[in-house]
Amino acid sequence: MRAIAASLFLAQLLCGTEVSPERIRESATKALALIQRSQQNWFSKQSCTSCHNQILPALAFQAARNHGIAFDESAARADAAKGFGYFANLARAVEYTHMIDASMNDGFALIGADATGVRPSLSTAVYARMIAMRQEPDGHWATIDERPPQAYSKFTATAISLRAMQLYSHRSESADVERRAARAVKWLVSHDPTCTEERVMQLRGARWAGADATTLTRIAAGLLFRQRSDGGWNSVEGRDSDAYSTGQALAALHEAAGLPTTNLAYQRGIRWLIEHQEGDGSWHVVSRLHPPAPVSPPYFETGHPYGHDQFVSMMGECYAVIALSAALPRVNAAPLHLAEVEPRDVEPWVETLLFGSAGDVGKLLDRGLSPNAKTKAGAVTALMLAAPDIEKMKLLISRGADVNARSRTRYSALLVAAQYGGSEAAMGLLLDHGARVSLPKGQGTPLFNAFPIMLAASAGNASIVPRLVRAGDRIDNKMYVLGVAPASPMLFLATTERVDSVRALLDAGAKVDEADDDGITVLGYAAIANRVDMARLLIERGADVNHVDKKGMTPLLYAASIDFGESSMIQFLLASGARTDASTPDGSTALALARKYNHVSLIPALESARASR
């Protein structure tokens, strides 16, 4: 009944009193100026390309550019060149040395790159293939992230991965992309979203995947119905309207469902944005995650207002700019081309090794290409380029390829193959032919101390873990993720849905209560990330549900500090014996934290547990 009413509202295309173009332009211009000021010192303090300070701003700049709203183009281009510069490094793409999160990290980066004029290259095609092969069997993509609203949901990871794959996959993989898109949209439309972020990404993903008009109207109706009486949208039930949710809902309804910006609902949303904007051009979006839960990146000052809330507030401003821009006439903006982030001097045979068939590679070998050929940039081997295509790998090995050859970063074909989803057979082939899991003593270690178990388990290749252990790989080793964060496989996977990988690690002897330097256990991290299935496995294997870390926190206290819009983790921990009287160093119980942060969805379960003590 609600969906029908919302659908009728959408179909009527009611026109109300429109906000003047002058007010819209002024609001967007002020927000853009603040966004650009906040970008200025990002790379002096961080090396990563972030969704809040680079990727979403790139999308906001694109919207503003297409609708004639002024901003500093030279500064935007410089930030894009810095933020997306790593796409020029083909060796880094092939080796995936900066492994973190294929869907939300590299997927979102590709979408941002497209907005800044980064044209398809072999490097972007490699990232797109990595993303594509991380798709789960049921059609969704997963993420390691735990930062609501923007980065935690399967809906978001699936929509972002789908779009990145479509934008940058190599032309030889078009049929595979279509098949994966069909699986993705089937997953998206068959699952029920629970919050604004998920409804937005369900709609965008369905539109990108080519869902029919009836499906798009149904999804859009559900999103439109959640518009609040004040004209805005909130992130989850029980919270106030905010710029992040309002901007992204308006943008999705217009771009993915065709809702005219003259529609009364759209105009009410625009009016909410303008009336709630501060004088400095900002909107204050209140974070749904709170210290001392460790999330990335750690909070630091960028010059943007609102302290701890500045990153999510900046994302709110980006979505607001996108929604505001759409309400202005479109202009003929000049096409962009960010040439400085494209790979240079790539050998002509590299593309064939990466994306050609085994027959194509055979022809190259017959014409004299060495099976141990290496690129000039990075010394990446032919076998590494061919991975994880097992037929090309077999051909190269039969012609004499050295399975233990290393690149300049000391990566090997085994490390490359490990990172693709479903690559157990490729890894097995290399091991069958003598691939070593580590370098001999005295010959150094791969960049960031990468090792096969870490990479394979992260990609979901759980079945290969026992064999890697037998080959001498260590389950307690640590990799420096992005070069800065030391993490063992257990601690890294705690925030993921890789339950099978963690089970394999536990079967191989990993410690269920392994902790980091702050004393936060694997279960603690699972609670922070709201991974109930992971927490269930850990507690079944004996994890301490009431462990107190060096910050004075328990898993339940962490779960009460982050609002995912539902209480399944809280309920599970309580059912597993979590103590409700445990408190933070300042004396706050889980219930007190939930009340303090207005985590409405968590409070009833905690109140019920306290009453039954």
Side-chain angles (χ1 to χ4, degrees), residues 51-52 55-56 59-60 63 101-112 114-115 131 134-136 138-167 180-211 215-227 233-237 242-259 269 285 288 312 315-316 318-320 322-323 497 530 563-566:
C51 54
H52 38 78
I55 297 168
L56 278 175
L59 299 178
D101 188 357
S103 59
M104 289 303 300
N105 187 67
D106 299 305
F108 228 149
L110 287 174
I111 290 175
D114 177 66
I131 292 167
R134 291 287 185 97
Q135 187 179 28
E136 300 299 321
D138 66 357
H140 84 276
W141 274 267
T143 176
I144 68 166
D145 242 325
E146 68 276 359
R147 295 176 292 175
Q150 83 281 6
Y152 76 97
S153 170
K154 293 179 183 179
F155 284 91
T156 304
T158 299
I160 294 301
S161 299
L162 163 67
R163 188 56 178 158
M165 176 183 70
Q166 290 175 325
L167 288 170
R180 291 180 183 278
R183 288 164 53 200
V185 74
K186 184 177 181 180
W187 185 92
L188 284 166
V189 303
S190 63
H191 287 74
D192 294 327
T194 61
C195 60
T196 299
E197 169 79 15
E198 292 189 337
R199 292 184 181 93
V200 164
M201 290 301 174
Q202 182 188 48
L203 178 57
R204 285 193 175 280
R207 175 67 180 84
W208 288 329
T215 298
L216 294 176
T217 298
R218 173 181 61 80
I219 297 172
L223 175 59
L224 185 57
F225 183 78
R226 267 71 183 182
Q227 187 174 29
W233 275 260
N234 57 8
S235 58
V236 293
E237 292 300 321
D242 64 81
Y244 180 100
S245 302
T246 302
Q248 69 167 181
L250 291 174
L253 287 167
H254 175 64
E255 296 170 11
L259 182 72
V285 182
R288 287 162 49 188
V312 69
M315 288 189 289
C318 292
Y319 275 125
I322 295 169
E497 60 179 60
N530 200 39
D563 185 6
F564 288 91
E566 51 89 19

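Quick caveat: nothing in here was measured; it's all calculated off a predicted structure.
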Test your reading of the model: is there a side-chain donor-acceptor pair from [X] to the backbone of [Y], 3.5 Å cut-off?
X      : Y      : answer
Glu198 : Ser153 : no
Trp233 : Gly269 : no
Thr158 : His140 : no
Ser161 : Gly107 : no
His191 : Trp187 : yes

Which heavy atom of [X] sits nearest to which heavy atom of [Y], and what is that distance?
X      : Y      : answer
Val285 : Gly316 : CG2-CA, 4.3 Å
Cys195 : Val236 : CB-CG1, 3.8 Å
Ala256 : Arg207 : O-CD, 3.3 Å
Tyr319 : Ala243 : CB-O, 4.5 Å
Cys318 : Ala60  : O-CB, 3.8 Å
Ala251 : Ala323 : N-CB, 4.4 Å

Under 3.5 Å, is there a donor-acceptor pair between the [X] and [Y] side chains?
X      : Y      : value
Gln248 : Glu197 : yes
Asn530 : Glu566 : yes
Ser103 : Asp101 : yes
Gln202 : Arg199 : no

**Message:** Could you walk me through whether Ile111 and Leu167 satisfy the side-chain contact (heavy atoms from CB on, under 4.5 Å) test, starting with their C-alpha distance in whole Å, then the side-chain angles of each, then the deciding distance to 0.1 Å, before giving a yes or no?
**Reply:** CA-CA 8 Å; Ile111 290 175; Leu167 288 170; 4.2 Å; yes
Hey, does [Y] have a side-chain heavy atom less than 4.5 Å from the side chain of [X]?
X      : Y      : answer
Val189 : Arg218 : yes
Arg204 : Glu255 : yes
Val185 : Thr215 : no
Phe564 : Thr194 : no

**Message:** If you count every heavy atom of other residues, nucleotides or ligands that lies below 6.0 Å from Arg288 atom CZ, does the total exceed 12?
**Reply:**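 Result for CZ/Arg288: enclosed.
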**Request:** Check the pair Met315, Cys51 against side-chain contact (heavy atoms from CB on, under 4.5 Å), reporting the backbone distance first and the verdict last.
**Result:** CA-CA 8 Å; Met315 288 189 289; Cys51 54; 4.1 Å; yes
Atom pair [atom1] ([X]) and [atom2] ([Y]), whose distance is rounded to the nearest 0.5 Å:
X      : Y      : atom1 : atom2 : result
Thr143 : Arg134 : OG1   : CZ    : 11.0 Å
Leu253 : Ile219 : CG    : CD1   : 11.5 Å
Phe108 : Thr156 : CZ    : OG1   : 8.0 Å
Asn234 : Tyr244 : CG    : OH    : 13.5 Å
Asp106 : Ile160 : CG    : CD1   : 12.5 Å
Asp114 : Arg163 : CG    : CZ    : 7.0 Å

**Prompt:** Can you check side-chain contact (heavy atoms from CB on, under 4.5 Å) on Val312 and Asp242, steps first, answer last?
**Reply:** CA-CA 10 Å; Val312 69; Asp242 64 81; over 6 Å; no
**Prompt:** Salt bridge or not for Glu136 and Lys154, using N-O below 4.0 Å?
**Reply:**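 No, Glu136 and Lys154 are not salt-bridged.
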